[in-house]
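As structure tokens, the structure follows; a few thoughts come after it.
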Amino acid sequence: MALVPCQVLRVAILLSYCSILCNYKAIEMPSHQTYGGSWKFLTFIDLVIQAVFFGICVLTDLSSLLTRGSGNQEQERQLKKLISLRDWMLAVLAFPVGVFVVAVFWIIYAYDREMIYPKLLDNFIPGWLNHGMHTTVLPFILIEMRTSHHAYPSRSSGLAAICTFSVGYILWVCWVHHVTGMWVYPFLEHIGPGARIIFFGSTTILMNFLYLLGEVLNSYIWDTQRSMEEEKEKPKLE
């Protein structure tokens, strides 16, 4: 039996994301007042994705509790729709975007933090909030993947969805630059047009890879779990 029920974990994670978002929005940074506001940044978009995803998880848990033993077919249909939405969001958005934000942020930060998170931001964003935005996303999503099985969509539709998201965000970043003359991320100022095209193409490929990684990881976790349960059920030879 789990030390903490998965339903309680989801509520705690949802509350933590709400706290992070509230604290982040309360910060008076110049970039928040310019065109696009916080929505320019993939980190903020990812936080919204994670909060919405865990909100759906909590809603699914509540609906499951309320419909248990009721025998109401309409409620059961609505519950199945919620579960399908939850699984789709994890597969297409929560896992690949969350892992992308954590991995790319810390890789660039380790190389040269000024390229992605200038020291000036330390005056606005406390260390705990930085880790809440760029670190804890990964363990939270792995906990969810480990505690509940999620049915992935067909590979073609899943990859099409994550490609649409990636290209949509790239176009949004380019539009912000077109309107303001400034790139959302400082390192884009220091590379040429050809390098930017390569970078944007590479990020789209990486998003697709992370989608496939999530699919493989989900299958591995639950195939292993199923094998262990079947092994326990086998009668032991005296």
Side-chain angles (χ1 to χ4, degrees), residues 1-21 42-43 45-68 79-107 128-155 157-159 161-162 165-166 206-234:
M1 184 176 178
L3 292 176
V4 180
C6 59
Q7 294 86 350
V8 176
L9 281 173
R10 291 186 186 113
V11 171
I13 292 171
L14 174 61
L15 291 175
S16 71
Y17 276 124
C18 291
S19 174
I20 290 167
L21 280 167
L42 187 59
T43 292
I45 294 173
D46 178 51
L47 287 174
V48 173
I49 288 171
Q50 302 298 330
V52 171
F53 168 68
F54 279 99
I56 292 172
C57 288
V58 171
L59 184 59
T60 302
D61 289 337
L62 288 173
S63 298
S64 179
L65 182 64
L66 293 173
T67 58
R68 186 176 299 167
L79 176 59
K80 287 180 180 178
K81 288 180 181 179
L82 268 177
I83 292 171
S84 296
L85 177 60
R86 179 200 68 183
D87 293 350
W88 185 90
M89 275 207 70
L90 176 125
V92 173
L93 293 174
F95 183 87
V97 177
V99 176
F100 179 89
V101 166
V102 173
V104 173
F105 175 84
W106 287 112
I107 288 170
W128 71 266
L129 186 55
N130 179 30
H131 284 292
M133 296 188 296
H134 297 116
T135 305
T136 58
V137 173
L138 181 57
F140 284 168
I141 204 66
L142 290 177
I143 287 170
E144 171 59 27
M145 185 172 278
R146 176 62 183 84
T147 53
S148 298
H149 177 263
H150 297 83
Y152 266 60
S154 68
R155 184 168 292 180
S157 64
L159 290 174
I162 191 62
F165 174 85
S166 301
L206 179 56
M207 282 283 199
N208 280 268
F209 170 77
L210 291 173
Y211 172 86
L212 295 174
L213 176 64
E215 184 181 49
V216 171
L217 185 59
N218 182 67
S219 297
Y220 173 77
I221 289 171
W222 291 99
D223 286 349
T224 302
Q225 179 79 5
R226 196 175 298 113
S227 298
M228 290 174 62
E229 289 174 356
E230 289 174 356
E231 191 66 29
K232 287 180 181 178
E233 291 174 0
K234 286 181 180 179

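What you see below is based on every heavy atom in this structure, not just the backbone, and it leaves out hydrogens, waters and symmetry mates.
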Which atom of W88 lies closest to which atom of A161, heavy atoms considered: CZ2-CB, 4.0 Å

Side-chain donor or acceptor of S219 paired with backbone N/O of E215 under 3.5 Å: yes

Residue list, salt bridge (charged side-chain N to carboxylate O under 4.0 Å, His left out) with R86, at least two apart or on another chain: none

Euclidean distance, L62 CG relative to C57 SG, rounded to 0.5 Å: 11.5 Å

Interatomic distance, I20 atom CD1 to M133 atom CE [nearest 0.5 angstrom]: 8.5 Å

Close side-chain approach of R155 to L212, heavy-atom, < 4.5 Å: yes

Least distance between heavy atoms, W222 atom then R146 atom: CZ2-O, 3.3 Å

Nearest-0.5 Å distance that lies between atom CE in M207 and atom CG in L159: 13.0 Å

Contact summary for L82 and S63, nearest pair of heavy atoms: CD1-OG, 3.5 Å

Least distance between heavy atoms, T147 atom then C6 atom: CB-CB, 3.8 Å

Side-chain donor-acceptor contacts of residues 93-107 below 3.5 Å, not counting sequence neighbours, with atom names and distances?
from, atom 1, to, atom 2, distance (Å)
W106, NE1, H134, O, 2.8
W106, NE1, T135, OG1, 3.3

Over all atoms of both residues, closest heavy-atom pair of P153 and Y211: CG-OH, 3.6 Å

Non-hydrogen atoms of M145 and L90 that approach each other most closely: CE-CD2, 3.8 Å

Side-chain heavy atoms of L85 within contact of K81, under 4.5 Å: no

Note, F140 side chain near L9 side chain (heavy atom, < 4.5 Å): no

Donor-acceptor contact present, side-chain S166 to main-chain I162, <3.5 Å: yes

Audit row: N218, H149, side chain to side chain contact (heavy atoms under 4.5 Å, CB included) steps and yes/no: CA-CA 7 Å; N218 182 67; H149 177 263; 4.2 Å; yes

Exam field: side chain T60 to backbone I56, donor-acceptor pair closer than 3.5 Å: yes

Heavy-atom side-chain contact between V92 and F165 under 4.5 Å: no

Donor-acceptor contact present, side-chain Y17 to main-chain G55, <3.5 Å: no

Worked check of side chain to side chain contact (heavy atoms under 4.5 Å, CB included) between L65 and D61: CA-CA 6 Å; L65 182 64; D61 289 337; over 6 Å; no

Rounded distance [0.5 Å steps], OG1 in T136 versus CD1 in I141: 11.0 Å

Separation between CZ of R10 and OG of S148, rounded to the nearest 0.5 Å: 3.5 Å

Interatomic spacing from CD1 in I13 to SG in C18 - rounded to 0.5 Å: 12.0 Å

